[in-house]
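In what follows, a single structure is set out as structure tokens and then discussed.
No hydrogens, no waters, no symmetry mates; every other heavy atom, side chains included, goes into these values.
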Amino acid sequence: MAERIECSVEYVDLENDQGRMIPSVRVRCGQCDHETESFGTSARSVRRCLMLLKEECPEGEGDNHYYHADEAD
């Protein structure tokens with residue numbers, strides 16, 4: 001069974017390719033502090049970050065984890 005990992009969400013402004021600042025989210029893994037970012041501040045953007053955490057896990061444990069953040073509900 002996958003281990004539940006609580007993640008934190010930070011609302012930030014990120015620069016896009018045209019140099020404009022876009023309201024965005026940054027999600028941090030509660031276990032290893034790896035971060036992912038997505039443009040937008042909706043629950044959908046948070047869920048995208050959670051999926052990126054699963055795909056990018058630097059410890060290779062993404063398939064064994066269920067990443068969760070209250071803001072994604």
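With values rounded to the nearest 0.5 angstrom, Ile22 atom CD1 is found 10.0 Å from Asp17 atom CG. The line from NZ of Lys54 to CG of Asp63 is 5.5 Å long, rounded to the nearest 0.5 Å. Atom-to-atom distance recorded for Tyr67:OH and Thr36:OG1 is 9.5 Å, nearest 0.5 angstrom. The CD atom of Glu59 lies 7.5 Å from the SG atom of Cys29; values are rounded to the nearest 0.5 Å. With rounding to the nearest 0.5 angstrom, the CZ atom of Arg28 is 10.5 Å from the SG atom of Cys7. One distance of note links NE2 of His68 with CG of Leu53; it measures 13.5 Å at 0.5 Å rounding.
Two residues are said to be in side-chain contact when any heavy atoms from C-beta on lie closer than 4.5 Å; Gln31 and Glu3 meet this criterion. Leu52 has its side chain within reach of Ser38: a pair of non-hydrogen atoms, C-beta onward, lies under 4.5 Å apart. Within the 4.5 Å cutoff, side-chain heavy atoms of Leu50 are placed close to those of Val27.
For Ser45 (side chain) and Phe39 (main-chain N/O), a donor-acceptor pair under 3.5 Å exists by modelled atom type.
The heavy-atom pair separating Ile5 from Gly30 by the smallest distance is CG2-N, 3.9 Å. Among all heavy-atom pairs drawn from Asn16 and Gln18, the shortest one is OD1-N, 2.9 Å. Considering every non-hydrogen atom in both Arg48 and Glu37, the closest pair reads NH1-O, 3.5 Å.
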*Where do Glu56 and His34 land on the side-chain contact (heavy atoms from CB on, under 4.5 Å) test, with the steps shown first?*
CA-CA 9 Å; Glu56 298 177 5; His34 180 67; 3.1 Å; yes
